[in-house]
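Letters go in sequence order (proteins before strands), and every chain restarts at 1. The model shown is predicted, which means the values in this text are computed figures rather than measured ones.
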There are 2 protein chains.
Amino acid sequence: MFQVRPQQGPATDGKPVLHVLLWQRALDPQRGRWSLPGGRLGDDETMTDSVRRQLAEKVDLRELAHLEQLAVFSDPDRVPGDRTIASTFLGLVPSPATPELPSDTRWHPVSDLPPTAFDHGPMVDHAHNRLVAKLSYTNIGFALAPGEFALSTLRDIYSAALGHPVDATNLQRVLERRHVITRTGTTARSGRSGGRPAALYRFADARYRVTDEFAALRPPG
Amino acid sequence: MFQVRPQQGPATDGKPVLHVLLWQRALDPQRGRWSLPGGRLGDDETMTDSVRRQLAEKVDLRELAHLEQLAVFSDPDRVPGDRTIASTFLGLVPSPATPELPSDTRWHPVSDLPPTAFDHGPMVDHAHNRLVAKLSYTNIGFALAPGEFALSTLRDIYSAALGHPVDATNLQRVLERRHVITRTGTTARSGRSGGRPAALYRFADARYRVTDEFAALRPPG
DNA sequence: CCAAAAGTGTTACGCTTACACCCATGA
DNA sequence: TCATGGGTGTAAGCGTAACACTTTTGG
């Protein structure tokens, strides 16, 4: 479960950074290490249903804008004890939301993960890679962005999720040409330091769609 | 399991076409329909091990040049009876090989599938889509091509797998620039109808590699 | 009037497709 | 020498990144 949120800590400038939701294990094995939310699959539920059920214990599911199956981790020794197979999912939470969290649960910057349990570190890496790729050729950004937003906000979100700077100008034209975002017609008020008020946009669809099979958002340089 | 092989049948010109290996069910449920090879996962085997074990019953595994996990199908009603979850794999067999097959097993053109069992039709579609995508940005072609080949042969293979015409000239330059293929230095003899002898190439690596994250092989037009 | 932020116009570049033209061989 | 297939050179198209310049607001 990923969300772009302001960087924590006193000495930081609150710049938006991609975070992942982790949960600290209270019991052995691997007590104290951080895990992805999850659990066992019930006999009569879809995997998706199961994931939603597991996540409901951690956050308010109304915040979940996208949920999608990713890879399966099936090494027989990936966890001690009985053999278990983990099917990972990509969940996305839009940016301004601040779901209440249980005390054992916390958002962590993906670029600075705490010690992770089992194979959950590689799982996060893999999911992040998929997110980066999908930002290029789908409209998946809708699940990270607010309902309406200024382009500079969207740039910050893409930049955080992709892990490299993004030019707002070019992002606008790319996403408009693909009909991924449209202007609402309204404009935001300008901030206290002045500046021209920004036009507001929204995503054209609130459902996952492949918009351009061969598109790319490249890092600068 | 995919392979590019000459089109079957009397009235065809033997043009290479992408085929998938299917197996005809002898027993109910769905007797007579065609299935992907597979079976249950043992307690102490990796999924990959399990797949290799299942496939060994159908073909000589030395022919298998690539094997990779794809999506999981987990709808509780996808098969009757006990709830089962299917994890699909992409297997590739190089082109000139002609593995011996059991009598209930046959190669079928992916563009003309027989009635398939359960959800195996969508599974084949999905695997084909992944193959097409990966031909663009990885060296996965090595697993469909012979050890050495003329460029026109490789063009036929790519064309069959992608499902659209491919220009041999451009394929050469694209794959050479990415260091996916290299010249062997030798040349093939020209066919009985004359023509300039073709230079022979081989794939630089015989292992799966992402060669260019943002590359594309587009259909003409 | 100045600083700050947003938006526009334009150029440059990389990668891919398209296609006309030249090369080598067998009959 | 002609037909056939292989190979080279080159141009065109498209999409994206880069960046200078203009517009609109607040102090």
* To do: For A/Glu213 and D/dC14, give me the distance from atom CD to atom P, rounded to whole Å.
  => 18 Å
* Structure fact -> note: B/Asn170, atom CG; D/dA11, atom P; distance rounded to Å ~ 15 Å
* Looking at the side chain of A/Arg178, which of D/dT10, C/dA6, D/dT16 is the nearest nucleotide? -> D/dT16
* To do: Answer yes if the side chains of A/Thr186 and A/Thr184 hold a donor-acceptor pair under 3.5 Å, and no otherwise.
  => yes
* Asked: Going by the angle between their ring planes, with limits at 30° and 60°, are B/Phe142 and B/Phe203 parallel, tilted or perpendicular?
  -> perpendicular
* To do: Side chain of B/Arg183 only, please: which of C/dT16, D/dT8, D/dT10 is the nearest?
  => D/dT8
* Closest nucleotide of DNA chain C for B/Pro197 versus for B/Asp212: which of these residues is on the 5' side? -> B/Asp212
* Would you say A/Ser152 reaches C/dA6's phosphate, i.e. side-chain N/O to OP1/OP2 under 4.0 Å? -> yes
* Asked: If you measure from the Lys or Arg side-chain nitrogens to the Asp or Glu carboxylate oxygens, is any gap between A/Lys134 and A/Glu68 under 4.0 Å?
  -> yes
* To do: Let me know the distance between CG of B/Asp167 and C1' of C/dA20, rounded to the nearest Å.
  => 12 Å
* Can you figure out which of C/dC23, D/dT23, D/dG9 approaches the side chain of B/Arg196 most closely? => C/dC23
* B/Arg155 side chain, from C-beta outward: closest of C/dC19, D/dG7, D/dG6 -> D/dG6
* Asked: Among D/dG7, C/dT10, C/dA6, which is the nearest nucleotide to the side chain of B/Ala199?
  -> D/dG7
* **Among C/dT17, C/dG7, D/dT25, the one nearest A/Ala198 by side-chain distance** => C/dG7
* Across the strands shown, which category fits A/Ala216 at heavy-atom distances under 4.0 angstrom: base, sugar-phosphate, nothing? -> sugar-phosphate
* To do: Test for a donor-acceptor pair under 3.5 Å between the base of C/dG9 and the side chain of A/Arg173, counting only N and O atoms.
  => yes
* Within this structure, what is the CG-to-P distance between A/Leu162 and D/dT16, rounded to whole angstrom? -> 13 Å
* Asked: Atom CG of A/Leu154 and atom P of C/dG7: how far apart are they, to the nearest Å?
  -> 12 Å
* Asked: Counting any heavy atom closer than 4.0 Å, what does B/Ala150 reach on the DNA or RNA strands: base, sugar-phosphate only, or nothing?
  -> nothing
* NA contact type, B/Ala215, heavy-atom cut-off 4.0 Å: base, sugar-phosphate, or nothing? -> sugar-phosphate
* Proximity of A/His108 and A/Trp34 rings by center, below 6.0 Å -> yes
* **Electrostatic pair A/Arg130:A/Asp125 at N-O distance under 4.0 angstrom** => no
* What integer distance in Å separates B/Leu217:CG from D/dC14:P? -> 19 Å
* From D/dT16, C/dA6, D/dT24, nucleotide with atom closest to A/Arg177 side chain -> D/dT16
* Asked: Just how far, in rounded Å, is C1' of C/dG7 from CD of A/Glu176?
  -> 11 Å
* Would you say B/Gln172 reaches D/dG6's phosphate, i.e. side-chain N/O to OP1/OP2 under 4.0 Å? -> no
* Structure fact -> Of A/Phe214 and B/Thr153, the one whose nearest nucleotide on DNA chain D sits closer to the 5' end is B/Thr153
* Is the distance between the ring centroids of A/Phe2 and A/His19 less than 6.0 Å? -> no
* **Residue A/Leu151, side-chain heavy atoms: nucleotide from D/dT8, C/dG7, C/dT17 that is nearest** => C/dG7
* To do: Among the candidates D/dT16, D/dA18, D/dT8, find the nucleotide nearest to the side-chain atoms of A/Pro220.
  => D/dA18
* Within this structure, what is the CG-to-C1' distance between A/Leu200 and C/dA6, rounded to whole angstrom? -> 12 Å
* To do: Look at the side chain of A/Thr169 and the base of C/dT8, then say whether one donor and one acceptor between them are separated by less than 3.5 Å.
  => yes
